[in-house]
Number of protein chains: 2
Amino acid sequence: MELAFQEARKGKSTWLNPLVGAVIVKNQKVIGLGHHETFGHEHAEINALKSLTSISDAKGATLFVTLEPCSHVGKTPPCVQKIFDVGITKVVIGQVDPNPIVSGRGIKYLENHNIQVENLNIKTDLNTAYEFFYREQRPLITIKYAMTLDGKINRDSVKRSLISNHESYLDSQKLRANNQVILIGENTLKLDNPRLTVREEAKLFPPIRAILVRDLKTINKDLKIFQNEAPIWFFTEKQTDQIFPNNVKVLVGNWTPESIITYLAEQKLQSILIEGGSHIQADFMQAKLVDKLIIYLANRVFGTGLSAVSGQTIKGLEFSKPIVKSLDSDLKITVWRKR
Amino acid sequence: MELAFQEARKGKSTWLNPLVGAVIVKNQKVIGLGHHETFGHEHAEINALKSLTSISDAKGATLFVTLEPCSHVGKTPPCVQKIFDVGITKVVIGQVDPNPIVSGRGIKYLENHNIQVENLNIKTDLNTAYEFFYREQRPLITIKYAMTLDGKINRDSVKRSLISNHESYLDSQKLRANNQVILIGENTLKLDNPRLTVREEAKLFPPIRAILVRDLKTINKDLKIFQNEAPIWFFTEKQTDQIFPNNVKVLVGNWTPESIITYLAEQKLQSILIEGGSHIQADFMQAKLVDKLIIYLANRVFGTGLSAVSGQTIKGLEFSKPIVKSLDSDLKITVWRKR
């Protein structure tokens, strides 16, 4: 099973699907290996079967799979049927799939077809957001910012200040790639003029760039955000007759942190990264819509400038002990909200 | 020599003196041990000689001492003379004393009296402030504050907020005990109403409580700071006819960070801890009068309130990679200014 988990971590851009790994064992020897590579591609079990020298080797073999095999027709046919068809006689699963369209049905199908099933019920951080989404019915919300040793996120309010170092930049790129939505406010859009894109590995399913803008008329079409085809979702108050490129979706409403998260949950989005600014972060925190806080702490002092998370008195949030990672001269500090 | 350093660390409240340890060895056996216990008491070498079964055992023995033995008459007679008198034939020293009234003279005296001297020139953190003082001709300046994950040092400006936890409190007590001066501003005095005292171990020579106050008339005599006999030095702009207890010294002048530090250096004070508020910390940082920064980072978010170090744009200060210590739910982050 450990090998199956290792295999699972090879997946990239599995997007709305979880990372899954599978290993086929016969006569105490590993004869097949596979993982779910990318959203829309074959599931781990199928890839493991494909890796066999001959499909007839599956007869009487045991399948180790990190997550309960699916029993529904999605982008691919149900795995449980294939497992039965090729003659697998035992399936050891890492955990039950929290997705209600699978949850328990995969196991039931296998058992109904006289396949022995063992559930190891392993807790893992492999699919944290996926599990969170089905447990809490909303995306996992991470708030992230870089700040100085004196708690500043910007030296002044008219132009962007360099805060964290290159290692933090690389780490925050990975963080973006691991989230399905990146949310910012209009001040951050105008001041920082970010691309909000991610590096190579996530290009296939880049995160949706969600931007809160009061009035879209104030948005300059030369902003870097428009120089990229990744989706842009504007959450705005006013209808507009402006014409945007095809990758832009305009969502008009009286948006609050709650209604934004509800909308994203309805779209089945499992993870959201709130990058700024500090007022939007405070709004989401005050609404208790935060699960994880990541701070890149740079070894500088500004003395003046904007402070992180501001504009709302935050009460009633408790966090876990900080997890610290050294990133050269910066520290990455992670806390989880206690629930 | 390692044993001598261990011995040195047993000293407490050596105040303006460094920590020193000494070991006497004869025929490859340790026959004597001693350390400098407290300011005004015997030096380490003398205590090591006193620990011998008989003083005649010193004849032909080797003395290991962490710091060059003194050659001047201070609170106690010069150690080099005693070392010669008892017949020690070799002295191994950890490092030369940076204090110019000793530096090199102790070694010269011993060599002139036909005692073999070996200098191991060991770098150590045993007497960081003492070494700094004689190298830089001013006290080592540490700025310390507790802040939240969003960089706040107080939830509002009218009453004190609890920020860090009990472990951080205990640690900051040790920090106070290791500094000869604790400096705060009048806002911190009035808002926090601190005692600025330290626990048991430093009671003999408690740090001087230096307080910057524009006008002493505004100071309430019921403040907790007056409920303790440790020295209080008011740095103020206006002469006053108020009568204060005997432990209070009123220093009138047009004080700046530079002139305060010059004054403290003239008083031979080797270490100063600046506890707040954020404006005073910014004033000292802007004047580049900071050597070490210690932050107790608490796992809370305030959203509103005062930000750490504020009121001056800090430029041109660079810091070392942070040293992190976990204090239960808090982090202690230490950086040194790069010079």
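Letters A, B, ... are given to chains in the order of the sequence lines, protein chains preceding strands, and every chain is numbered from 1. Bear in mind that the values here come from a model prediction, so they are computed numbers and not experimental data.
- Residues B/Leu331 and A/Val324 form a side-chain contact, since some pair of their non-hydrogen atoms from C-beta on lies under 4.5 Å apart.
- Across B/Thr313 and A/Arg155, no two heavy atoms sit closer than the pair CG2-NH1, 3.4 Å.
- Listed for the B/Lys152 side chain is a donor-acceptor partner under 3.5 Å among the backbone atoms of A/Val309.
- Contacts of B/Leu317 with chain A are absent, with no heavy-atom separation under 4.5 Å from either backbone or side chain.
- Separating the CE atom in A/Met285 from the CG atom in B/Asp150 is a distance of 7.0 Å, to the nearest 0.5 Å.
- Around NZ of B/Lys190, the count of heavy atoms belonging to other residues, nucleotides or ligands within 6.0 Å exceeds 12.
- Between the side chain of B/Asn299 and the backbone N or O of A/Phe319 there is at least one donor-acceptor pair closer than 3.5 Å.
- The part of A/Phe302 that comes within reach of chain B is its backbone (N, CA, C, O), which places non-hydrogen atoms under 4.5 angstrom from that chain.
- Summarising the local packing, CZ of A/Arg9 is surrounded by more than 12 heavy atoms from other residues, nucleotides or ligands at distances under 6.0 Å.
- Listed options A/Gly151, A/Gly311, A/Ala308 were ranked by heavy-atom pairs under 4.5 angstrom with chain B; first place goes to A/Ala308.
- For residues 332-339 of chain A, the interface with chain B (any heavy-atom pair closer than 4.5 Å) comprises A/Ile333, A/Val335, sorted by residue number.
- Both the backbone and the side chain of A/Leu149 come within less than 4.5 Å of a heavy atom in chain B.
- In terms of heavy-atom pairs under 4.5 Å with chain B, the best-connected choice from A/Leu293, A/Ile153, A/Thr148, A/Asp328 is A/Asp328.
- Closest of all the heavy-atom pairs between A/Leu297 and B/Met147 is CD1-CE, 4.5 Å.
- Of the listed residues (A/Ser326, A/Ser320, A/Gly305, A/Ala282), the one with the most heavy-atom contacts under 4.5 Å to chain B is A/Ser320.
- Of the atoms belonging to A/Ser278, not a single heavy atom falls under 4.5 Å from chain B.
- Other residues, nucleotides and ligands contribute only 12 or fewer heavy atoms inside 6.0 Å of the CD atom of B/Glu318.
- The two residues B/Ser329 and A/Lys321 make their nearest non-hydrogen contact at CA-CG, 3.8 Å.
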